[in-house]
Amino acid sequence: MKENQLSKLVGYLLSDACVKIKKVKNRNITQTELSIESADISIVEDFSTLCSEFTERKVGKITNRKRSENWRRTYSFACKINKELSKFLFSLTPTYLKMNEKCKIPNFVFRNKNNMVHFLQAFTNSEG
């Protein structure tokens, strides 16, 4: 994955998207999942594309739901990643797990203007 695209993925993950570590039912293992939910389908589609590039495989589909009459329809996407990719993401920044810590943006994001633009675009689009 190109550095600018990885910057964008990290931007999403440090804003409204998340990295979840879940225990697999009836087994003594964990599974890491990347997910996002938004009222803007274009954000979810972009995140889905980035996840496909990151995992180098076809990933899940986008779903939608309407929570209640007073809420807009929301779109969500989630995909599982293997342990190698999970370790790689956590090596970039531990912020995904520790919500009480100050946000740590990986150094490569600041390496060039293109990386910073992609990071900020994803981060600000997610935060709305």
**Message:** Go through it in stages, so that I can follow the logic: the residues are Leu89 and Phe54, the test is side chain to side chain contact (heavy atoms under 4.5 Å, CB included), and I'd like the CA-CA distance, side-chain angles, deciding distance and then a yes or no.
**Reply:** CA-CA 10 Å; Leu89 281 178; Phe54 180 66; 3.8 Å; yes
**Asked** How many angstroms lie between atom CG of Asn4 and atom NZ of Lys113, to the nearest 0.5 angstrom?
**Response** 14.0 Å
**Request:** Would you confirm whether Ser91, through its side chain, and Phe88, through its main-chain N or O, come within 3.5 Å as a donor-acceptor pair?
**Result:** yes
**Complete:** Tested for side chain to side chain contact (heavy atoms under 4.5 Å, CB included) against Ile36, the lone hit among Ser76, Ser48, Ser126 is Ser126
**Asked** Under a single-linkage definition using a 4.5 Å side-chain heavy-atom cutoff for Ile, Leu, Val, Met, Phe, Trp and Tyr, are Leu9 and Leu120 assigned to the same hydrophobic cluster?
**Response** yes
**Message:** Which residues pass the side chain to side chain donor-acceptor pair (under 3.5 Å) test with Asn82, not counting sequence neighbours?
**Reply:** none
**Request:** Check whether any side-chain heavy atom of Ile41 sits under 4.5 Å from a side-chain heavy atom of Glu45, and report yes or no.
**Result:** yes
**Request:** Evaluate the criterion side chain to side chain contact (heavy atoms under 4.5 Å, CB included) for residue pair Val44 and Tyr12; output intermediate values, then yes/no.
**Result:** CA-CA 10 Å; Val44 178; Tyr12 279 122; over 6 Å; no
**Message:** For Ile21, is there any backbone N or O sitting under 3.5 Å from a side-chain donor or acceptor partner on Thr30?
**Reply:** no
**Asked** Would you say the side-chain atoms of Asn115 pair up with the backbone N or O of Arg111, donor to acceptor, closer than 3.5 Å?
**Response** no
**Asked** Quick one: NZ on Lys25 to CD on Gln31, what's the gap to the nearest 0.5 Å?
**Response** 15.5 Å
**Item:** Distance, nearest 0.5 Å, that separates CG of Asp16 from OG of Ser38
**Value:** 7.0 Å
**Complete:** Closest non-hydrogen atoms of Lys58 and Ser52, given as atom of the first, atom of the second and distance, are CA-OG, 4.3 Å
**Request:** Measure the shortest side-chain to side-chain distance between Cys51 and Phe77 over non-hydrogen atoms and say whether it is less than 4.5 angstrom.
**Result:** yes
**Item:** Cluster check Ile62, Phe47: I/L/V/M/F/W/Y, side chain < 4.5 angstrom
**Value:** yes
**Request:** Under the side chain to side chain contact (heavy atoms under 4.5 Å, CB included) rule, what do Phe108 and Ser7 come out as? Steps first, then yes or no, please.
**Result:** CA-CA 8 Å; Phe108 71 86; Ser7 296; 3.3 Å; yes
**Interatomic distance, Lys87 atom NZ to Thr32 atom OG1 [nearest 0.5 angstrom]** = 10.5 Å
**Heavy-atom side-chain proximity of Leu50 to Met1 below 4.5 angstrom** = yes
**Message:** Pair Lys20, Ser35 - check side chain to side chain contact (heavy atoms under 4.5 Å, CB included), show working.
**Reply:** CA-CA 8 Å; Lys20 295 179 190 174; Ser35 65; 3.4 Å; yes
**Request:** Kindly indicate whether the side chain of Leu34, heavy atoms from C-beta on, has any atom under 4.5 Å from the side chain of Thr55.
**Result:** no
**Complete:** d(Gln5 CD, His118 NE2) to nearest 0.5 Å is 5.0 Å
**Euclidean distance, Leu85 CG relative to Lys80 NZ, rounded to 0.5 Å** = 14.5 Å
**Heavy-atom closest pair, residues Thr74 and Glu37** = OG1-OE2, 2.9 Å
**Request:** Determine whether more than 12 heavy atoms belonging to other residues, nucleotides or ligands lie under 6.0 Å from atom NZ of Lys66.
**Result:** yes
**Request:** Using only heavy-atom distances, determine whether the side chains of Asp40 and Ser42 contain a donor-acceptor pair under 3.5 Å.
**Result:** yes
**Message:** With a 3.5 Å distance limit and no angle check, can you tell me whether Thr93 reaches the backbone of Lys104 through a side-chain donor-acceptor pair?
**Reply:** yes
**Request:** Output all residues satisfying ring-ring contact (aromatic ring centres under 6.0 Å, His included) with Phe119, sequence neighbours left out; order by chain, then residue number.
**Result:** Phe123
**Prompt:** Taking side chain as C-beta onward, heavy atoms only, is Val10 less than 4.5 Å from Pro106?
**Reply:** yes
**Presence of salt bridge, Glu3 and Lys8, under 4.0 angstrom** = no
